[in-house]
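In the text below, chain A, chain B and the rest are named by the order of the sequence lines, each starting its count at 1. Since we're looking at a predicted model, the values are computed, not measured.
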Number of protein chains: 2
Amino acid sequence: MFQTSNALRRSVHSQVTDRVGSSIVRGEIGVGETLPPEMQICEMMDVSRTVVREAIRTLTGKGLIESRPKSGTRVRPPEQWNQLDPDVLRWHLETAEIDRYLAKLFQLRSAVEPAAAALAATHAGEDDIARIRAGCDGMDAAKTNEDFVAADIAFHQAIYFATRNEFFWPIAQMFEITLRQSFTIAAPGSHRPRALREHRAVLDAIVAGDAEAAREATVVLLAHSADDLVRIRGREFETASERDKRKR
Amino acid sequence: MFQTSNALRRSVHSQVTDRVGSSIVRGEIGVGETLPPEMQICEMMDVSRTVVREAIRTLTGKGLIESRPKSGTRVRPPEQWNQLDPDVLRWHLETAEIDRYLAKLFQLRSAVEPAAAALAATHAGEDDIARIRAGCDGMDAAKTNEDFVAADIAFHQAIYFATRNEFFWPIAQMFEITLRQSFTIAAPGSHRPRALREHRAVLDAIVAGDAEAAREATVVLLAHSADDLVRIRGREFETASERDKRKR
DNA sequence: CGCATTTCATTTATCATACATTATGACAAA
DNA sequence: TTTGTCATAATGTATGATAAATGAAATGCG
């Protein structure tokens with residue numbers, strides 16, 4: 001019940017991983033530069049070599065660094081980072097340029113989610129559909145904005161799972177982080193009826209097994225979702241067609 | 001349990017990571033089950049506890065496992081794995097069901113790459129375009145199938161980078177692994193003229209800054225690429241529309 | 001001087017051991 | 001049944017020692 005915030009009681013090596021990883025992602029240690037030697041990091045953070053080494057292994061596993069004897073531990077070019085790794089993502093979103101990153105994540109989502117819905121229409125099982133429907137119903141029944149957003153997230157995640165393609169799942173994870181971040185400040189209360197209708201349209205298409213309808217319904221949904229994001233976070237989220245509209 | 005592989009000059013902890021990670025991905029240690037205790041793994045593989053712990057950290061970072069004192073180290077549900085992590089991907093492709101996984105990866109690629117090309121059309125810089133063109137030229141000049149495939153990979157990767165959106169890059173990485181695997185046995189020599197023409201079409205659309213043309217050209221390219229895959233690897237790669245065609 | 005070779009020092013890689021921390025399961029007490 | 005205590009087993013952390021690798025300086029030689 002009284003679940004303590006695990007931010008305070010996280011293991012030491014996680015904290016070190018966070019500090020080092022974060023400082024790499026925010027560019028404090030430029031690409032190609034070397035981290036301080038193990039021993040030095042130990043002193044700086046007042047932890048044992050065990051902890052530092054394990055943190056370095058974790059970061060190596062995420063593609064952020066590589067280490068060789070004598071030459072030290074260097075930061076690899078960002079092209080080789082596992083940018084969709086939840087931790088890397090989090091470190092990105094901690095920076096000052098949140099909106100830039102949220103916009104980029106939305107670009108990826110716009111690419112993937114219509115296809116995911118189409119796949120869901122042809123691959124979803126009973127349980128998948130039940131989860132998607134539960135998301136819709138949850139949005140319907142939501143009293144608070146928090147409940148609404150939570151149900152919204154559940155709905156979209158269920159679609160990714162319904163593809164029965166595990167390589168779509170990390171995108172869903174990414175998307176959860178994104179959406180949660182997007183609406184921490186303001187939540188889209190006004191367009192709820194329309195949003196609900198559009199979510200139902202996706203659900204219906206999937207239930208009917210109509211891949212094309214599911215894809216198109218999702219495109220519509222995402223377009224309006226982009227509108228909300230523009231309203232809430234700013235113009236970074238505009239699509240090309242919207243920019244055109246505004247210019248006229 | 002931990003099947004030995006013939007790793008040659010890789011570090012010890014990488015080997016241990018591979019053996020444990022691989023056996024998890026191939027399902028030898030079911031979801032929710034616990035790994036043998038650290039000390040036991042040490043004995044089984046004849047390595048120090050340091051190495052085992054670092055391997056476990058790496059796998060934890062990839063979302064495969066989580067460990068708590070006393071209760072042990074458990075395998076997390078696959079929904080939480082970083083499925084697009086290069087190592088996880090590799091462990092998947094080591095299984096007997098390669099074609100299944102290649103097909104799923106191709107589904108993701110089909111979703112992402114048209115959007116990537118569209119973004120490239122509006123975001124690519126001079127250097128990006130140069131790299132894409134170099135890919136085309138390389139395919140043109142290729143004498144061997146290896147050269148051809150290498151240039152092909154370079155071409156597609158360049159498109160992902162040209163999006164200027166780092167969250168598309170991991171997909172490019174994934175795609176490299178995929179394509180290399182796909183054509184290890186047979187290479188598509190016959191359709192080279194057509195393939196070249198279609199690649200040029202994508203390039204031209206990007207140079208012209210025409211996002212829609214780039215998207216459509218990529219869709220065409222991928223459709224024919226799927227044909228090749230069906231020819232080489234089997235029917236798992238058929239798209240829905242192709243299945244329809246065959247049924248008639 | 002130019003070039004190959006050797007030596008050396010620095011840093012990571014691995015090993016071994018000890019101790020700390022934490023959660024589980026058993027058992028006792030209320 | 002509930003609650004509390006405790007032993008225990010597993011991971012978490014710390015430390016010192018040694019091995020291996022490698023970049024750079026020193027050396028030797030033509």
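No donor-acceptor distance shorter than 3.5 angstrom exists from the side chain of A:Trp169 to the backbone of B:Trp81, with no hydrogens or angles considered.
The interatomic distance linking A:Met39 (CE) with D:dT18 (P) rounds to 16 Å, in whole Å. B:Ile65 has its CD1 atom 14 Å from the C1' atom of D:dA10, to the nearest Å. One can place CZ of A:Arg57 at 16 Å from P of D:dG12, the figure rounded to the nearest angstrom. Between the CD atom of B:Glu66 and the P atom of D:dA10 there is a distance of 18 Å, given to the nearest Å. Separating the CG atom of A:Leu35 from the C1' atom of C:dT11 is a distance of 13 Å, rounded to the nearest angstrom.
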**A:Arg164 and A:Asp127: CA distance, side-chain angles, deciding distance, salt bridge (Lys or Arg N to Asp or Glu O under 4.0 Å) verdict** = CA-CA 12 Å; A:Arg164 302 272 174 156; A:Asp127 47 341; 3.3 Å; yes
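A salt bridge links A:Arg90 to A:Asp87: one of the charged nitrogens lies within less than 4.0 Å of a carboxylate oxygen.
If you check distances only, the side chain of B:Ser71 never reaches the base of C:dA23 with a donor-acceptor pair under 3.5 Å. With hydrogens and angles left out, the side chain of B:Arg49 and the base of D:dG12 share a donor-acceptor pair within 3.5 Å.
Closest approach to the A:Ser67 side chain among C:dT11, D:dT11, C:dA13 is made by C:dA13 (side chain taken as heavy atoms from C-beta onward). Here the nucleotide nearest the side chain of A:Lys70, chosen from C:dT14, D:dT13, D:dA21, is D:dA21. Distances were taken from every side-chain heavy atom of A:Arg53 (C-beta onward) to each of D:dG12, D:dT22, C:dT14; the shortest belongs to C:dT14. When each of D:dT11, C:dT14, C:dT12 is scored by its nearest atom to the side-chain atoms of B:Glu38, the top-ranked nucleotide is D:dT11.
Where A:Thr50 and A:Pro69 each meet DNA chain C at their nearest nucleotide, the meeting point lying more 5' is that of A:Pro69.
At the phosphate of D:dA14, OP1 or OP2 sits under 4.0 Å from a side-chain N or O atom of A:Ser48. Remark: B:Thr73 is in phosphate contact with D:dT11, judged by side-chain N or O atoms under 4.0 Å from OP1 or OP2. In this model, the phosphate group of C:dT14 is approached by a side-chain N or O of B:His13 to a distance below 4.0 Å at OP1 or OP2.
Going from atom CD1 of B:Ile159 over to atom OG1 of B:Thr163 covers 10.0 Å, rounded to the nearest 0.5 Å.
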